[in-house]
Amino acid sequence: MSTATNTGNRTKAFISLQSSVDFVVTSTTSQVMDRASAYLTAGFPVHLRGPAGTGKTTLALHIAAQFQRPVMLIVGDEQFTSSDLVGEQNGYRYRRVVDRYIHSVVKYEEDAVQQWVDNRLTTACREGFTLVYDEFTRSRPEANNVLLAVLEERLLVLPTSTGRNSYLKVHPEFRAIFTSNPQEYAGVHELPDALSDRLITIDLDYYDRETEVTITQSNSGLPLDEAARVVDLVREFRSSGEYDQAPTLRACIMIARVTALQGLLPSSGDPRFAQICLDILESKMDFSIKNRARRMNQRKMLLQLIEHHATRVMPEQTGL
Amino acid sequence: MKTRKIRGMRDVMTSRGSGGRSVPPTREKILAEQARLEHKRAMLERELAMWSENQRQTAERLQEVLDRLEVLMEATAPPVPAPEPEAKALRPNRNRVARDDESDDDSLTEWHAIVLEY
């Protein structure tokens with residue numbers, strides 16, 4: 001966010017969304033987008049929930065872009081408090097009055113008042129922006145309590161007793177999109193019932209093969225059949241269950257993009273491709289000295305998967 | 001013969017009063033009084049000239065003080081307030097509710113768009 005200048009003018013920033021050339025809409029994502037847009041148009045906040053790597057944030061940004069309103073993006077954080085959402089009293093404003101109404105009498109009057117500074121939720125409610133609150137369950141539940149009245153009564157209760165209006169009527173065009181990981185993920189707090197009850201939650205799972213291939217091909221530049229090799233490799237690794245962190249679509253894109261940038265093709269005979277796959281996929285298992293045998297078995301399985309899905313014959317061996 | 005009506009003791013001419021109004025009987029007394037009066041006239045004229053000069057000098061000093069005061073007042077005067085900014089031609093929200101403790105120069109807020117590609 002831009003900083004305010006000292007000229008008296010205040011500078012505020014908002015996000016203007018623009019789809020990249022890599023972004024693709026498949027039938028699966030289009031259906032989710034249509035459902036979410038319908039709920040938001042009806043005035044209900046939408047919550048996209050799903051495991052990491054299922055495109056929740058990208059989908060949330062794409063849904064927000066459909067409304068053609070400025071966007072406020074907030075990323076949940078353990079250290080968040082209510083003031084990080086709504087704002088706080090920050091700094092002082094000094095006022096000095098010199099009264100010379102009677103020429104022989106000079107009257108000075110000085111006072112200082114605290115100045116309120118809006119934060120992103122307040123700005124979005126006031127101006128009617130679209131709020132995208134990414135990973136909002138990573139913030140502590142009490143920090144998100146201010147959302148209860150915003151989403152139900154359409155009223156933002158400001159934590160200040162000064163001033164005539166400590167309440168802000170939420171703009172009719174204000175919309176909110178939330179994303180979160182399942183609760184079993186590290187650093188994720190339980191979603192309070194009161195807040196959960198106000199949201200329409202759409203559960204997202206890993207995309208089907210066709211969607212993953214299309215997205216991987218679009219984000220990497222590999223030919224479609226070569227991208228399909230990478231996706232099949234990762235999907236079979238995911239279905240094996242031999243990992244501690246599930247390999248996601250991000251892993252497909254990483255492998256495919258690096259392969260394409262290196263001028264390679266997915267081939268089991270190319271040690272460089274095999275090394276790329278191992279670097280990206282082996283980290284899905286916890287590293288432990290005591291667990292060396294399991295790690296070796298996992299590497300063996302990965303090499304077999306690479307052999308199976310990238311059967312292009314190359315003269316040299318992987319050497320791994 | 002014109003007679004004067006006497007209303008009280010103050011209308012009774014004393015010997016000094018009648019003497020002061022009458023022309024001295026001798027030439028020496030006339031010249032003596034004439035010399036005394038000339039001397040007195042010269043003294044009063046000098047006194048009047050001094051007072052006039054003092055009045056002129058005082059007026060000059062007063063003007064200097066007034067000029068100096070004007071300079072000091074301009075230096076300590078509060079800045080001229082900027083003209084009230086015109087209302088926004090297009091307000092993004094008509095339901096906007098301003099708070100009392102909100103800054104009164106909200107029209108000076110500059111919005112800065114950050115383009116985000118997703």
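Scope of the values below: all heavy atoms of this structure, side chains included, with no hydrogens, waters or symmetry mates. If you're wondering where the values come from, they're calculated on a predicted model, not measured in any experiment. Protein chains get the first letters and strands the later ones, always in sequence-line order, with residue 1 at the start of each.
Atom CE of B:Met73 is separated from atom CZ of A:Arg100 by 5.0 Å, given to the nearest 0.5 angstrom. Atoms CD and OG1, on B:Glu117 and A:Thr58 in that order, are 12.0 Å from each other to the nearest 0.5 Å. Atoms CD1 and CG, on B:Ile114 and A:Leu17 in that order, are 11.5 Å from each other to the nearest 0.5 Å.
Of all heavy-atom pairs spanning B:Tyr118 and A:Ser20, the tightest one is O-OG, 2.8 Å.
Open room surrounds CZ on A:Arg250; 12 or fewer heavy atoms of other groups in view lie less than 6.0 Å from it. The 12-atom threshold is not exceeded at CD of A:Gln68, counting heavy atoms of other residues, nucleotides or ligands nearer than 6.0 Å. A 6.0 Å sphere centred on CZ of B:Arg56 holds more than 12 heavy atoms belonging to other residues, nucleotides or ligands. The local environment of CD in B:Gln55 is sparse, with at most 12 non-hydrogen atoms from other residues, nucleotides or ligands closer than 6.0 Å. Other residues, nucleotides and ligands place no more than 12 heavy atoms under 6.0 Å from the OH atom of A:Tyr101.
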Dump the intermediate steps for side chain to side chain contact (heavy atoms under 4.5 Å, CB included) on A:Phe14 and B:His112, then the final yes or no. CA-CA 6 Å; A:Phe14 63 87; B:His112 177 60; over 6 Å; no
